[in-house]
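All values below were derived from every heavy atom in this structure, side-chain atoms included, with hydrogens, water molecules and symmetry-related copies excluded.
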Amino acid sequence: MRIMEIMGIMGKTIETYCVTNNYRQRVYSYIKKHLDAGRQAYIVCPLVEKTESDLISAEEHAQNLSSGEFKDYCVGLIHGKMKPTQKDRVMREFLNGKIQLLISTTVIEVGIDVKNAVIMVIENAERFGLSQLHQLRGRIGRGEYKSTCILITDTKNSETKKRLDVICGTTDGFKIADEDLKLRGPGDFCGG
């Protein structure tokens with residue numbers, strides 16, 4: 001487990017952790033503690049619907065959590081396959097505090113500021129690029145409260161672990177892009 005305290009928007013600290021699935025119950029307890037204090041949280045999944053892979057889907061996760069671990073809380077779901085009016089309604093309910101825990105895909109990468117949202121959990125973090133992780137993490141730390149981003153992964157790949165260490169080590173977008181370039185290389189600019 002790696003942690004790095006970094007300054008977020010408005011000078012608030014954002015703690016970024018990278019943990020394995022073995023820490024899932026501790027993560028859920030941590031979320032509940034903050035929900036009980038009146039804060040809100042996001043859990044981001046790499047897929048909308050269940051497929052044959054082991055990746056966590058937003059729909060399945062929302063259903064399981066709302067009927068299980070978070071049955072005593074208001075859990076919402078948002079993803080890109082929803083109609084725009086549905087997405088707007090869910091985001092308004094989250095912004096207004098009706099939804100305490102929002103399960104989503106990367107559709108929340110850009111959007112409205114929910115200053116009360118202080119926790120971002122990213123499932124299967126190894127599936128996201130550095131800039132995407134940075135953009136997602138930017139959804140928290142916008143209010144007066146300390147915020148936490150938790151990346152959950154069971155990857156054994158050393159290159160992926162290096163990549164996730166980068167996101168745990170800085171919130172500076174230029175440093176993240178520079179490290180991403182070092183890890184992945186420049187690519188082919190001419191397309192040939």
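Taking both residues in full, the closest heavy atoms of Ile122 and Cys149 are given as CD1-SG, 4.2 Å, listed atom of the first, atom of the second, then distance. In this structure, Glu69 and Lys32 approach most closely via the heavy-atom pair OE2-NZ, 2.8 Å. The shortest heavy-atom contact between Ser66 and Val75 is CB-CB, 3.9 Å. Between Val27 and Val121, the closest heavy-atom pair is CG1-CG2, 3.8 Å.
When side chains are defined from C-beta on, Phe94 does not count as touching Ile108, because their heavy atoms never get closer than 4.5 Å. Side chains of Leu65 and Ile43 form a contact here, defined as non-hydrogen atoms less than 4.5 Å apart. Within the 4.5 Å cutoff, the side chain of Val107 has no heavy atoms near those of the Met82 side chain. In this structure the side chain of Val114 reaches within 4.5 angstrom of the side chain of Tyr42, judged on heavy atoms. Side chains of Ile119 and Ile140 form no contact here, defined as non-hydrogen atoms less than 4.5 Å apart. Side-chain contact between Tyr23 and Ile152 is absent, with no heavy-atom pair separated by less than 4.5 Å. Side-chain contact between Val48 and Glu59 is present, with at least one heavy-atom pair separated by less than 4.5 Å. At a threshold of 4.5 Å between non-hydrogen side-chain atoms, the residues Ile31 and Phe70 count as touching.
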Side chain to side chain contact (heavy atoms under 4.5 Å, CB included) assessment of Leu133 paired with Leu164: CA-CA 9 Å; Leu133 290 169; Leu164 295 176; 3.7 Å; yes
Could you check Glu49 against His79 for side chain to side chain contact (heavy atoms under 4.5 Å, CB included), going step by step and ending with a plain yes or no? CA-CA 10 Å; Glu49 302 165 328; His79 56 73; over 6 Å; no
Val118 and Lys146: CA distance, side-chain angles, deciding distance, side chain to side chain contact (heavy atoms under 4.5 Å, CB included) verdict: CA-CA 7 Å; Val118 297; Lys146 183 179 88 168; over 6 Å; no
Could you go step by step and tell me if Leu151 and Thr153 meet the side chain to side chain contact (heavy atoms under 4.5 Å, CB included) rule? CA-CA 7 Å; Leu151 310 175; Thr153 182; 5.7 Å; no
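Rounding to the nearest 0.5 Å places CG of Asp88 at 13.5 Å from NZ of Lys83. Taking SG from Cys168 and CZ from Arg137, the interatomic distance works out to 7.5 Å, rounded to the nearest 0.5 Å. The distance from the CG atom of Asp165 to the SG atom of Cys18 is 7.0 Å, given to the nearest 0.5 Å. To the nearest 0.5 angstrom, Lys175 atom NZ is 14.5 Å from Leu130 atom CG. Here Gln40 contributes atom CD and Leu101 contributes atom CG; the two are 9.5 Å apart, rounded to the nearest 0.5 Å.
With hydrogens and angles ignored, the 3.5 Å screen pairs no side-chain donor or acceptor of Arg26 with any backbone N or O of Asn22. Checked by atom type and distance alone, the side chain of Arg142 never pairs as donor or acceptor with a backbone atom of Ala117 at under 3.5 Å. The backbone N or O of Gly143 lies less than 3.5 Å from no partner atom in the side chain of Asn116, so there is not a single donor-acceptor pair. The main-chain N or O of Arg127 is never found under 3.5 Å from a side-chain atom of Asn124 such that the two would form a donor-acceptor pair.
Within a 6.0 Å radius of CD in Gln63, no more than 12 heavy atoms belonging to other residues, nucleotides or ligands are found. Heavy atoms of other residues, nucleotides or ligands lying less than 6.0 angstrom from NZ of Lys50 number more than 12.
Remark: Lys33 pairs with no residue by the salt bridge (charged side-chain N to carboxylate O under 4.0 Å, His left out) rule, at least two apart or across chains. Checked against salt bridge (charged side-chain N to carboxylate O under 4.0 Å, His left out), Asp154 has no partners two or more places apart in sequence or in another chain. Listed by chain and number, the residues in a salt bridge (charged side-chain N to carboxylate O under 4.0 Å, His left out) with Lys87 amount to none (sequence neighbours excluded). Listed by chain and number, the residues in a salt bridge (charged side-chain N to carboxylate O under 4.0 Å, His left out) with Arg39 amount to none (sequence neighbours excluded).
By the 4.5 Å side-chain criterion applied to Ile, Leu, Val, Met, Phe, Trp and Tyr, Leu55 is assigned to a cluster that also includes Leu47.
A salt bridge links Glu93 with Arg89; the closest basic N to acidic carboxylate O contact falls under 4.0 Å. Looking at Glu123 and Arg24, a side-chain N of the basic residue comes within less than 4.0 Å of a carboxylate O on the acidic one, giving a salt bridge.
Placement of Ile56 and Phe128 in two distinct hydrophobic clusters is found when ILVMFWY residues are connected by side-chain heavy-atom separations under 4.5 Å, directly or transitively.
Listed by first and then second residue, the side-chain hydrogen bond (donor to acceptor under 3.5 Å, both in side chains) pairs involving residues 98-112 amount to none (not counting sequence neighbours).
Ring-plane geometry between Tyr28 and His61 is classed as tilted, the angle between the planes lying from 30 to 60 degrees on a 0 to 90 degree scale.
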